[in-house]
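Reviewing the structure listed below.
The sequence lines fix the lettering, A, B, ..., with proteins before strands; numbering per chain opens at 1.
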Amino acid sequence: MAAAPPDPLPNLHAVLHSRGLVAQCTDERIEDRLAQPVTCYCGFDPTADSLHVGSLVPIMGLAHAQRCGHRPLVLVGGATGLIGDPSFKTDARQMLDETTVRTNAAAIADQIGRFITFGDGPADAALVNNLDWIGPLTWIEVLRDVGSRVSVNRMIGMESVKQRMTGDGAGISYLEFSYMILQAYDFVHLFRVHGCTVQLGGQDQWGNIVMGIELGRKMHDADLAGLTFPLVTKADGTKFGKSESGNVWLDPKRTPVFDFFQFWRNVDDTDVGRYLRFFTFLPVEQIEQLEQAEGAAINEAKVTLAYEITKLVHGTEEADNARDSASRAFSTGGVDVTGESIPSAPIDLTEPVGVIELLKQSGFASSNGEARRLIQGGGVRVGETKVDDIAATVSADDAEQGHVLLRVGKKKLFRFDPA
RNA sequence: GGGUGAAUGCCGGAGCGGCCAAACGGGGCGGACUGUAAAUCCGCUGGCUUACGCCUACGGUGGUUCGAAUCCACCUUCGCCCA
């Protein structure tokens with residue numbers, strides 16, 4: 001074993017624990033294990049060409065690991081993405097083709113690269129794709145080397161499988177059933193090739209992680225461990241990570257930075273402290289101070305939360321932009337909302353354009369009827385002026401500081417830039 | 001393979017052959033109140049239309065009827081029971 005690093009780094013488990021990021025771990029003595037630098041991994045599904053905020057917890061987990069001197073492996077599930085994880089899903093997942101999976105994997109790795117450092121150093125992260133080792137496997141090899149060491153009795157006893165086999169679920173196909181074997185095999189492979197001994201994952205991955213550990217013991221007498229992160233919940237009980245417009249993505253093309261910022265700015269009071277711990281690197285002491293705030297002062301903490309996360313994901317400049325735009329739009333009542341982060345589109349104002357048309361172009365209304373209802377409900381403003389006529393139009397004269405700002409409700413903004 | 005039940009709008013879930021764009025609940029959106037919070041209250045919630053109205057919609061295809069989400073036949077899918 002290598003000598004301890006000269007500057008003792010904080011213990012990963014202690015760090016994660018202090019931030020409420022530990023749901024379960026397999027090893028009572030995980031702290032001892034993590035006293036030495038280890039190689040750990042966490043998997044991400046390449047189901048889209050961007051991650052969304054739901055993946056931030058595992059990303060932060062890997063980032064903390066790296067900061068504690070460990071070597072993170074980012075596994076993109078190229079192979080498992082071709083199958084679909086059945087864990088706690090009610091339906092079979094859509095399968096993707098290999099080209100898509102490869103493209104998505106690259107995009108995802110790029111996003112994760114903002115949180116952790118890739119390279120060749122001892123604690124530098126590496127990107128691995130399980131398609132590279134699972135792809136070449138033959139059916140016979142798998143059955144003989146892996147299948148002989150896996151108990152179906154155990155598998156059907158797992159909660160994630162049970163749910164699909166009983167009740168009113170959609171049933172489970174053999175394909176999906178095999179998913180967990182692939183994931184277990186990943187762990188064993190990474191142990192063999194990279195000396196990886198710890199797997200991190202969401203709480204829903206517990207069963208899969210445990211399977212990998214058992215398989216490692218049976219195949220190589222390996223001593224593996226796992227740690228899961230808690231499920232991110234919301235005070236109102238709804239699913240975390242969704243906004244009116246669906247998933248909140250890390251890709252600014254899917255979720256404009258302004259909307260991203262606002263997503264965090266608008267979290268429930270009671271969630272702020274937890275989210276600060278989960279999603280920022282701010283010292284716990286500072287977070288404790290922030291969450292002391294009572295009443296309206298808690299908004300301070302929300303701004304910090306939104307700013308810090310936006311900075312991590314989109315960079316300082318974008319974060320400044322979003323924060324300033326938001327504060328102008330909501331606090332000072334000004335209309336100087338020119339920040340680049342606000343969703344916007346060009347417009348031709350040589351002829352007056354109906355407000356209904358603008359509502360449709362901004363995506364706030366999907367039909368004339370919906371746009372009309374919004375106006376009739378009193379929810380539409382152009383700049384600071386409330387629109388109360390469904391036939392209202394906007395012309396070049398209505399542009400303020402060269403822009404037309406369309407507002408729906410209290411929080412939704414869209415900027416039109418006249419050509 | 002046999003028997004049986006179901007299939008409705010974003011979801012759940014009602015729905016005597018006409019009064020059904022379809023009760024009710026949830027969700028979502030808008031408004032009031034606030035702190036860009038929560039709770040509460042009010043309104044809206046298929047498309048086109050200023051509106052009268054028209055169109056599309058109750059798994060699919062045909063049929064009965066002046067008229068069908070509601071009746072019949074077949075098909076598809078799912079659930080349950082038996083083998």
Side-chain angles (χ1 to χ4, degrees), chain A residues 89-92 163-173 233-248 256-276 290-307 309-310 319 322-335 337 339 341-343 354-360 362-382 384-393 405-414:
Chain A
K89 309 266 193 323
T90 43
D91 303 306
Q163 283 185 15
R164 294 286 297 270
M165 296 187 58
T166 60
D168 42 42
I172 184 167
S173 67
T233 56
K234 294 210 304 182
D236 62 10
T238 57
K239 196 173 189 305
F240 170 78
K242 300 270 190 190
S243 71
E244 312 83 56
S245 34
N247 275 327
V248 178
V257 179
F258 181 79
D259 294 344
F260 184 87
F261 182 91
Q262 285 296 308
F263 169 78
W264 299 103
R265 174 62 184 79
N266 287 315
V267 300
D268 196 288
D269 284 10
T270 52
D271 289 329
V272 179
R274 210 155 34 96
Y275 290 179
L276 279 165
L290 281 167
E291 65 187 347
Q292 292 297 316
E294 306 233 345
I298 195 76
N299 282 320
E300 195 76 18
K302 293 189 191 178
V303 171
T304 305
L305 174 72
Y307 180 74
I309 303 177
T310 307
R323 185 182 53 186
D324 295 348
S325 296
S327 99
R328 278 197 226 100
F330 294 109
S331 306
T332 58
V335 289
V337 192
S341 60
I342 291 186
V355 173
I356 287 181
E357 184 57 30
L358 296 183
L359 284 166
K360 286 201 292 184
S362 63
F364 293 146
S366 55
S367 69
N368 289 344
E370 190 179 348
R372 210 175 291 129
R373 285 193 293 268
L374 272 174
I375 296 173
Q376 284 165 345
V380 179
R381 283 170 293 164
V382 171
E384 291 304 305
T385 316
K386 183 166 160 184
V387 178
D388 42 22
D389 179 7
I390 56 174
T393 59
L405 188 67
L406 181 69
R407 314 184 63 154
V408 171
K410 289 176 209 146
K411 298 175 189 169
K412 289 190 279 197
L413 312 184
F414 198 93

Please list, chain by chain and in numerical order, all residues satisfying side chain to side chain contact (heavy atoms under 4.5 Å, CB included) with [X], sequence neighbours excluded.
{"X": "Glu357(A)", "answer": "Val353(A), Lys360(A), Gln361(A)"}
{"X": "Ala365(A)", "answer": "Leu359(A), Glu370(A), Ala371(A), Leu374(A)"}
{"X": "Ala297(A)", "answer": "Ala293(A)"}
{"X": "Asp271(A)", "answer": "Lys234(A), Ala235(A), Asp268(A), Arg274(A), Tyr275(A)"}

Please state the [atom1] separation for the pair [N] and [M] - nearest whole angstrom.
{"N": "C71(B)", "M": "G18(B)", "atom1": "C1'", "answer": "14 Å"}
{"N": "A32(B)", "M": "A38(B)", "atom1": "C1'", "answer": "16 Å"}
{"N": "G15(B)", "M": "A68(B)", "atom1": "C1'", "answer": "13 Å"}
{"N": "G79(B)", "M": "C29(B)", "atom1": "C1'", "answer": "35 Å"}
{"N": "A57(B)", "M": "U64(B)", "atom1": "C1'", "answer": "22 Å"}
{"N": "G28(B)", "M": "G53(B)", "atom1": "C1'", "answer": "29 Å"}
{"N": "A23(B)", "M": "A14(B)", "atom1": "C1'", "answer": "6 Å"}
{"N": "C11(B)", "M": "U45(B)", "atom1": "C1'", "answer": "14 Å"}

Across all chains, not counting sequence neighbours, the salt bridge (charged side-chain N to carboxylate O under 4.0 Å, His left out) partners of Glu291(A) are Arg277(A)
Can you check the [X] [atom1] to [N] [atom2] distance for me, whole Å?
{"X": "Arg381(A)", "N": "U36(B)", "atom1": "CZ", "atom2": "P", "answer": "12 Å"}
{"X": "Phe261(A)", "N": "U36(B)", "atom1": "CZ", "atom2": "P", "answer": "14 Å"}
{"X": "Leu406(A)", "N": "G30(B)", "atom1": "CG", "atom2": "C1'", "answer": "14 Å"}

Distance col, row Arg328(A):CZ vs Ile342(A):CD1, nearest 0.5 angstrom, shows 8.0 Å
Please give the nucleotide sitting opposite [N] as a Watson-Crick or G-U wobble pair, both distances under 3.5 Å, or none.
{"N": "A6(B)", "answer": "U77(B)"}
{"N": "C44(B)", "answer": "G28(B)"}
{"N": "G18(B)", "answer": "C66(B)"}

ask   = Do Lys412(A) and Asp259(A) touch side chain to side chain, with heavy atoms closer than 4.5 Å?
value = no
Check the interface with nucleotides 37-39 of chain B: list each N/O to N/O pair with the protein under 3.5 Å, or write none.
{"unit_1": "A37(B)", "atom_1": "OP1", "unit_2": "Lys411(A)", "atom_2": "NZ", "d": "2.7"}
{"unit_1": "A37(B)", "atom_1": "N3", "unit_2": "Asp269(A)", "atom_2": "OD2", "d": "3.3"}

Who passes side-chain hydrogen bond (donor to acceptor under 3.5 Å, both in side chains) against [X], sequence neighbours left out?
{"X": "Arg323(A)", "value": "Asp320(A)"}
{"X": "Gln376(A)", "value": "none"}
{"X": "Lys411(A)", "value": "none"}

Paired with Leu290(A), the side-chain contact (heavy atoms from CB on, under 4.5 Å) test is passed by just one of Leu305(A), Val272(A), Thr304(A), namely Thr304(A)
Given protein heavy atoms under 4.0 Å, the one-letter contact record of nucleotides 40-57 of chain B, with B base, S sugar-phosphate only and - none, is simply ----SS-SSB--------
Of Gly409(A) and Gln262(A), the one whose closest nucleotide on RNA chain B sits nearer the 5' end is Gly409(A)
Judged by nearest nucleotide, the residue sitting upstream toward the 5' end of RNA chain B, Gly377(A) or Val303(A), is Gly377(A)
For Phe364(A), the ring pair (Phe, Tyr, Trp, His ring centres under 6.0 Å) test, sequence neighbours excluded, returns none
N/O (side chain, Lys412(A)) to phosphate O (OP1/OP2, G30(B)) under 4.0 Å
yes
Between the protein and nucleotides 9-11 of chain B, which nitrogen or oxygen pairs are less than 3.5 angstrom apart?
none

